[in-house]
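Predicted, not measured: the structure shown is a model, and the values here were computed from it. Numbers restart at 1 for each chain; the letters A, B, ... are given by sequence-line order, proteins then strands.
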Number of protein chains: 2
Amino acid sequence: MRRDVFQAISDPTRRAIIALIALQAMTPNALAEHFDTSRQAVSKHIKILTECELVRQEQSGREIYYHFNPTKMKEIDQWLEKFRALWEDRFSQLDNVLLNLKNK
Amino acid sequence: MRRDVFQAISDPTRRAIIALIALQAMTPNALAEHFDTSRQAVSKHIKILTECELVRQEQSGREIYYHFNPTKMKEIDQWLEKFRALWEDRFSQLDNVLLNLKNK
DNA sequence: TATTTGCGCAACCGATTAGTTGCATTTATA
DNA sequence: TATAAATGCAACTAATCGGTTGCGCAAATA
């Protein structure tokens, strides 16, 4: 089961879930109200997000609050970093950019 | 057919292809030598990358050189931007961060 | 205590995915 | 000109994906 951050954010519903719980921790039921799918479908998305540590849970009685774990997003940012220089004008030393890409 | 940038980069082979052609434009055959799959499989990945404009082609006789199109990667960067403040310590005004997220 | 609520888990289903093989077409080469 | 090389396209396949329904269990509530 491939379960990395890139695969996790490839689904638009999961990106929407991330955007919601980034604002505040939420329960599966509360999350499901924002979508046209069942609570179970949302729970499946949460499970995927939890498995790749983009989300962590906090039990409170019978409710489970899911929190956003921003540190895991760094992985994506770090991958992007290798290419950022290629689209940002302020980098002029293209040679160094390419060198950096090679030593990834 | 959902064909957005996020779905495109969700596959590890496609991310590897991007990393390769970011260094220099390559033909499908040249690319395929770097992987354990067939040339056709690589071509299918290239097609997906082309459809979401992460890659553009340049015909040269019977060969086709595929180039990386970095501007399209901005989309991912812009999405990340909304969350970046959440993992970077230098941002202290969390209220503004959350406000920004709400107005996405 | 009986019932409702919140949740995870399992089974199932149709669509998509990533791979394969085979073939047709165009360009380069012997 | 005949042949080889580079590529795209189509058909097929097993695995995965995103969704569903049904269930069981623990916690809250009437």
*Listed once per pair and sorted, the ring pair (Phe, Tyr, Trp, His ring centres under 6.0 Å) pairs that draw on residues 40-75 of chain B, sequence neighbours left out*: A/Phe83-B/Phe68
*In whole angstrom, what separates A/Asp36's CG from D/dG18's C1'?*
14 Å
Check: residues 31-38 of chain A side-chain donor-acceptor pairs under 3.5 Å, at least two apart:
from: A/His34; atom 1: ND1; to: A/Ala30; atom 2: O; distance (Å): 3.2
from: A/Ser38; atom 1: OG; to: A/Ala41; atom 2: N; distance (Å): 3.2

Could I get a table of every N or O pair under 3.5 Å where one atom is in the protein and the other is in nucleotides 21-25 of chain D?
from: D/dG22; atom 1: O6; to: A/Gln40; atom 2: NE2; distance (Å): 3.2

_Between D/dG8 and B/Lys47, counting only base atoms on the nucleotide and side-chain atoms on the residue, is there a donor-acceptor pair under 3.5 Å?_
no
*asked:* Tell me the interatomic distance from B/Ile46, atom CD1, to D/dA6, atom P, rounded to whole angstroms.
replied: 14 Å
*Summary of ring pair (Phe, Tyr, Trp, His ring centres under 6.0 Å) pairs that have at least one residue in residues 5-26 of chain A, sequence neighbours excluded*: A/Phe6-A/Trp79
_Toward the 5' end of DNA chain D, by each residue's nearest nucleotide, A/Thr37 or A/Ser60_ = A/Thr37
*Specify the separation, in whole Å, of atom CD1 of B/Ile48 and atom C1' of D/dG8.*
15 Å
*Name the nucleic acid region contacted by B/Tyr66, choosing base, sugar-phosphate or nothing; use a 4.0 angstrom heavy-atom cut-off, strictly under.*
sugar-phosphate
_Interatomic distance, B/Met26 CE vs D/dA6 P [rounded to whole Å]_ = 13 Å
*Of the non-hydrogen atoms in A/Pro28 and A/Val42, which two are nearest, and what is the gap between them?*
O-CG1, 4.3 Å
*Taking CZ from B/Arg14 and P from C/dA18, how many angstroms apart are they, rounded to a whole number?*
4 Å
*Does A/Asn69 use its side chain to pair, donor to acceptor, with the backbone of A/Glu53 at less than 3.5 Å?*
yes
*To the nearest Å, give me how far apart CD (A/Glu33) and C1' (C/dG6) are.*
12 Å
_A/Ile64 CD1 - C/dT5 C1' separation (whole Å)_ = 13 Å
_5′-ward residue of the pair A/Glu63/A/Val42 relative to DNA chain D_ = A/Val42
*Taking only residues two or more places apart in sequence, or in another chain, which ones meet B/Glu75 in a salt bridge (charged side-chain N to carboxylate O under 4.0 Å, His left out)?*
B/Lys72
*Would you say D/dA5 has OP1 or OP2 under 4.0 Å from some side-chain N or O of B/Asn29?*
no
*Side-chain N or O of A/His45 less than 4.0 angstrom from OP1 or OP2 on D/dG19?*
yes
*Taking OP1 and OP2 of C/dT17, is either one under 4.0 Å from a side-chain nitrogen or oxygen of B/Gln7?*
yes
_Under the side chain to side chain contact (heavy atoms under 4.5 Å, CB included) test, residues paired with B/Lys47 that sit two or more places apart_ = B/Glu51
_Distance-only donor-acceptor test (3.5 Å): side chain B/Arg62, base D/dA5_ = yes
*Expressed in angstrom and rounded to an integer, what is the separation of B/Lys44 atom NZ from D/dA11 atom C1'?*
10 Å
